[in-house]
Trainee: 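Dropping the structure in here first, questions after.
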Amino acid sequence: MELYCVRLPPLPRWKKNSIAYRLTFLVILFSTMVAILATALQLYLDYRRDIQGIYTFFDSIQETSIRPLEESVWILDDFQVNLQLEGLIKRENVVFAAVEMDGQMAWAKGERTPNDSLSHIFPLHHLVRGSSEQIGRLHVTASLEGIHQRLLQRIVILLASNAVKTFVVAGFILFLFQQSLTQHLVRLALYAEEIDPKKGPLAPLRLDRPSSHRADELDQVTTALNFLCESGHRALLEMEAQEQRLRLFLDATEEVILGVDAQGRCTFINRAGLEHFSGTDSNSFIGQDILVLLSSGERETAQSQLLSGLVRATIAEGEALLADEMPLSLPDGSSLLISLRSYPVLENGQCTGAVVFYADISRQQKLEQEKQLFAKVIRQAPALILIADAQGIIEYVNSAFEQILGYTGKELVGKLAISCLQDLHLDEHIDLVRTRIYKGEAWTGTFTNTNLQGRRVILEASIFPIFNRRGQLTNVVAMGRDITREQHLIEQLHHAQKMEAIGKLAASIAHEFGNPLLGIRFALRDVQQRLAEDSEDKKLLHLAENECDRMRKLIRDLQQFNRPSTRQRTVFDLHCILEDILTLNHNFLSKKKITLNRVYDHRALWVSAVEDQIRQVFINLTINAADAMAQKGGTLTIKTALRGNEAKVWVEDSGTGIAPENVGRIFEPFFTTKAAVEGAGLGLPVSYGIVRAHGGTIEVQSEPGKTIFSVTLPTAPIPVAGDEARGT
């Protein structure tokens with residue numbers, strides 16, 4: 001690559017619109033403003049100091065001169081009075097001093113100036129017969145003319161000195177701009193005008209500066225300009241090489257590519273085009289009409305006319321035109337389904353031709369149909385599907401994933417799975433999952449999560465890798481199945497089996513303890529009747545009898561636990577039961593500062609059940625809710641609803657809530673969080689047994705500040721008129 005030097009013309013003389021002149025003018029303007037402001041401030045301070053000096057002198061007269069003057073005036077000593085007045089007017093700026101007696105000036109020195117002066121009057125007193133009497137007044141006047149003259153002199157001196165300094169500095173700055181900046185900028189501009197990448201790079205620009213100076217912004221600009229010249233020439237060479245590579249690329253692509261001039265004649269055809277038209281030499285196609293090429297060279301078809309018409313429309317309108325899934329007849333009589341794209345070639349705003357691309361999309365269309373089918377299967381599959389890249393960035397989630405977990409695709413796509421799905425507790429399994437993935441194995445496990453709607457979800461998941469042909473990990477696919485209901489049914493089955501076993505044991509214990517306890521109670525009552533009324537032993541026996549009654553109640557609860565009632569069922573409205581219970585416990589709730597909130601369904605909730613047992617269930621739930629709010633009070637909400645063939649009742653309190661580790665045990669017999677004297681832990685288990693015996697369910701949801709018990713019972717047919725009374 002040859003380098004050659006460019007002789008730059010001599011530098012032009014300065015112009016008034018040059019940067020140096022403008023910057024110098026701004027420096028002068030700014031310096032002048034600063035000088036004026038500084039001068040004004042200095043003059044103001046000097047003026048205040050001079051005025052303050054006059055008032056200070058007045059204060060000194062009061063302290064040093066008044067007393068001697070009073071003595072001299074009292075004895076009418078003309079010599080001393082005049083001498084003291086003469087001493088006053090000799091002070092700087094003082095022009096008049098006089099002593100006034102009986103309204104007349106008895107002694108005076110100097111001349112009074114009515115304008116631009118400051119005056120002060122000092123009363124003169126003398127002690128006469130033990131009391132101080134005023135014998136006259138001292139008048140002192142200070143002129144401001146001297147102060148004004150001194151200020152004027154200072155203004156002239158300060159402005160003159162600042163003006164000289166400003167113009168000297170400005171001239172020096174102007175000289176520095178010329179020597180350090182302006183001439184180099186002019187040289188840079190002239191060098192830039194000579195740059196032409198097509199002629200090759202210029203000789204590197206070198207400014208006429210001392211070699212010992214440190215590199216600054218001008219050196220950086222010079223280096224950048226030299227780099228641009230060199231890189232521009234390299235870019236031109238690279239562009240020419242890219243043009244050659246583009247020709248090779250056009251020959252290597254499988255698409256047919258044609259160049260067309262403004263008259264519709266072929267100017268370029270790639271290798272795929274030659275094969276498509278059964279040609280071997282591109283020169284045999286150059287100059288042919290595009291319509292002849294597309295009509296297979298023999299006859300014009302409607303399809304070929306349409307395709308050539310699109311190309312001609314591109315040239316005429318200067319806009320790109322596209323056509324998909326169009327049939328094209330080949331010389332051998334076969335036909336293809338092609339996708340055609342026609343782009344205009346614009347030069348200086350005029351369309352000089354077009355570039356035509358078209359490709360066989362028959363196989364691609366089939367693959368696209370299969371792809372759409374697979375996408376629809378994945379999107380509509382009931383299983384949860386998540387696809388991430390090799391780094392764990394989520395690329396896709398299907399509809400089931402969004403519906404079950406409550407997320408949306410927009411919230412997840414593009415984010416790291418382990419960070420945006422923290423509710424699934426992926427951290428606990430991530431190391432094992434990564435180990436399996438890198439080994440090319442699948443990982444299977446379960447996740448427990450609470451979705452955005454607050455529903456607890458249990459997922460059975462399988463995570464497996466996807467590798468490309470070179471064995472590189474490209475994607476990770478996670479597929480899951482919602483097994484929440486299955487797990488819930490399994491838990492219910494286990495709980496029912498456990499409750500059945502405990503119920504049989506409880507019934508056996510109640511039977512074995514009931515008869516002996518009855519005998520003990522009769523014995524206690526017999527002994528109690530033999531003792532005197534005021535006997536201490538009788539009181540103890542009475543307490544023992546009360547404990548026996550409490551044990552009998554506990555045994556009755558054990559006998560009813562998880563055992564269907566043998567009493568007759570009746571059809572009644574649950575609303576009536578709830579109202580009776582709330583009315584009965586109104587005072588009890590009021591004492592505990594509990595607000596009652598009823599949210600009833602407008603329809604009647606008819607159920608067929610043993611009324612006193614159902615009543616006992618809601619009494620237990622109401623009392624438990626009140627106990628949970630015993631410390632600070634709260635709100636008790638009773639809500640009902642009719643859901644198909646089920647009547648639902650929710651008992652919600654705003655108490656402290658149930659600890660997560662205790663939620664699964666609250667329906668176990670003898671489990672309680674209350675003190676031993678407050679409960680035996682049978683209220684909720686008995687209620688659970690009663691509801692299950694009636695074919696219903698009882699569930700609990702709890703969090704700090706909120707606990708909800710939901711009771712579901714099967715509904716009964718609406719009773720006919722006249723049979724609505726309980727016990728029908």
Trainee: Could you check whether atom OH of Tyr44 has more than 12 heavy atoms from other residues, nucleotides or ligands sitting under 6.0 Å from it?
Mentor: no
Trainee: Is there side-chain contact between Ile638 and Leu582, with heavy atoms separated by less than 4.5 Å?
Mentor: yes
Trainee: If you apply the rule side-chain contact (heavy atoms from CB on, under 4.5 Å), what do you find for Arg615 with Ile581, and how did you get there?
Mentor: CA-CA 8 Å; Arg615 186 186 299 271; Ile581 294 172; 4.0 Å; yes
Trainee: How close do Pro717 and Val571 get, heavy atom to heavy atom, and via which atoms?
Mentor: O-CG1, 4.2 Å
Trainee: Please identify each residue that fulfils side-chain hydrogen bond (donor to acceptor under 3.5 Å, both in side chains) with Thr622, with sequence neighbours left out.
Mentor: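 Scan of Thr622 (side-chain hydrogen bond (donor to acceptor under 3.5 Å, both in side chains), adjacent residues dropped) gives none.
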Trainee: Can you sort out the partners of Phe618 under ring pair (Phe, Tyr, Trp, His ring centres under 6.0 Å), two or more places apart, ordered by chain and number?
Mentor: none
Trainee: Does a donor on one side chain and an acceptor on the other come within less than 3.5 Å for Arg434 and Tyr438?
Mentor: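 Their side chains do not contain a donor-acceptor pair, so the 3.5 Å distance test is not met.
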Trainee: Got a sec, which residues hit side-chain hydrogen bond (donor to acceptor under 3.5 Å, both in side chains) with Thr712, two or more places apart in sequence or on another chain?
Mentor: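 Per chain and number, Thr712 pairs via side-chain hydrogen bond (donor to acceptor under 3.5 Å, both in side chains) with Lys648.
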Trainee: What pairs with Arg436 under side-chain hydrogen bond (donor to acceptor under 3.5 Å, both in side chains), at least two apart in sequence or on another chain?
Mentor: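 Per chain and number, Arg436 pairs via side-chain hydrogen bond (donor to acceptor under 3.5 Å, both in side chains) with no residue.
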Trainee: Have a look at Leu578 and tell me which of Ile614, Thr583, Val649 forms a side-chain contact (heavy atoms from CB on, under 4.5 Å) with it.
Mentor: Val649
Trainee: Any chance you could lay out the side-chain contact (heavy atoms from CB on, under 4.5 Å) test for Ile708 and Val700, step after step, and finish with the verdict?
Mentor: CA-CA 6 Å; Ile708 303 175; Val700 62; over 6 Å; no
Trainee: For Lys592, give me all partners under salt bridge (charged side-chain N to carboxylate O under 4.0 Å, His left out), at least two apart in sequence or on another chain.
Mentor: Asp627
Trainee: Using the test side chain to side chain contact (heavy atoms under 4.5 Å, CB included), find all partners of Thr435 that sit at least two apart in sequence or belong to another chain.
Mentor: Lys439
Trainee: Within this structure, what is the CG-OH distance for the pair Leu412 and Tyr396, rounded to the nearest 0.5 Å?
Mentor: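 Leu412 CG to Tyr396 OH: 12.5 Å, rounded to 0.5 Å.
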Trainee: Test: salt bridge (Lys or Arg N to Asp or Glu O under 4.0 Å). Region: residues 593-610. Which pairs qualify, not counting sequence neighbours?
Mentor: Glu579-Arg598, Asp601-Arg603
Trainee: Could you tell me which non-hydrogen atom of Val607 sits nearest to which non-hydrogen atom of Pro714, and how far apart they are?
Mentor: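 That closest heavy-atom pairing would be CG1-O, 3.7 Å.
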Trainee: Excluding sequence neighbours, so at least two apart, what forms ring pair (Phe, Tyr, Trp, His ring centres under 6.0 Å) with Tyr600?
Mentor: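 With sequence neighbours excluded, Tyr600 shows a ring pair (Phe, Tyr, Trp, His ring centres under 6.0 Å) to His575, given in chain and number order.
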Trainee: Starting at CD of Glu652, measure out to CG of Asn597 and round the result to the nearest 0.5 Å.
Mentor: 8.5 Å
Trainee: Listed by chain and number, what are the ring pair (Phe, Tyr, Trp, His ring centres under 6.0 Å) partners of Phe464, not counting sequence neighbours?
Mentor: none
Trainee: What's the shortest heavy-atom distance between Ile594 and Gly633, and which atoms?
Mentor: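 The answer is CG1-CA, 4.5 Å.
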Trainee: Using modelled atom types only, decide if a donor and an acceptor are shared between the side chain of Asp573 and the backbone of Leu605 within a distance under 3.5 Å.
Mentor: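 Checking the backbone N and O of Leu605 against the side chain of Asp573, a donor-acceptor pair under 3.5 Å is found.
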Trainee: Quick check: closest heavy atoms across His694 and Ser608, and the distance to 0.1 Å?
Mentor: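 Nearest pair, atom of His694 first, then Ser608: CD2-O, 4.3 Å.
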Trainee: Is a side-chain N or O of Thr715 found less than 3.5 angstrom from the main chain of Asn645, in a donor-acceptor match?
Mentor: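 It does hold such a pair.
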Trainee: My understanding is that only residues two or more places apart in sequence, or in another chain, count here; which of them pass side-chain hydrogen bond (donor to acceptor under 3.5 Å, both in side chains) with Ser654?
Mentor: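 Testing Ser654 for side-chain hydrogen bond (donor to acceptor under 3.5 Å, both in side chains), a comparison that skips the adjacent residues, returns none.
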Trainee: Shortest non-hydrogen contact from Ala641 to Trp650?
Mentor: CB-CZ3, 3.6 Å
Trainee: Using side-chain contact (heavy atoms from CB on, under 4.5 Å), reason through Ser702 and Lys706 one step at a time and then give a plain yes or no.
Mentor: CA-CA 6 Å; Ser702 183; Lys706 182 178 179 181; over 6 Å; no
Trainee: Just distance, no hydrogens or angles: give the donor-acceptor pairs under 3.5 Å from side chains in residues 471-480, sequence neighbours left out.
Mentor:
residue : atom : partner : partner atom : Å
Gln472  : OE1  : Asn468  : ND2          : 3.3
Gln472  : OE1  : Arg470  : NH2          : 3.4
Thr474  : OG1  : Ile466  : O            : 3.1
Asn475  : ND2  : Ala388  : O            : 3.2
Asn475  : ND2  : Glu395  : OE1          : 3.0

Trainee: For Trp443, enumerate each residue passing the ring pair (Phe, Tyr, Trp, His ring centres under 6.0 Å) test, keeping only those at least two apart in sequence or located in another chain.
Mentor: His429, Phe447
Trainee: Mind listing the closest non-hydrogen atom pair of Leu386 and Ile394 along with its distance?
Mentor: CD1-CD1, 3.9 Å
Trainee: To the nearest 0.5 Å, what is the distance between CZ on Arg692 and OG on Ser687?
Mentor: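 If I round to the nearest 0.5 Å, the distance is 14.0 Å.
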Trainee: Using the rule side-chain contact (heavy atoms from CB on, under 4.5 Å), only one of Thr707, Leu636, Thr637 pairs with Val651; which is it?
Mentor: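 Of the listed residues Thr707, Leu636, Thr637, the side-chain contact (heavy atoms from CB on, under 4.5 Å) partner of Val651 is Leu636.
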Trainee: Between Asp389 (side chain) and Ile393 (backbone), is there a donor-acceptor pair under 3.5 Å?
Mentor: yes
Trainee: Out of curiosity, Met629 CE to Asn624 CG, how far, rounded to the nearest 0.5 Å?
Mentor: 11.0 Å
Trainee: Leu621 and Val711: side-chain contact (heavy atoms from CB on, under 4.5 Å), yes or no, with the steps?
Mentor: CA-CA 10 Å; Leu621 295 180; Val711 178; 3.7 Å; yes
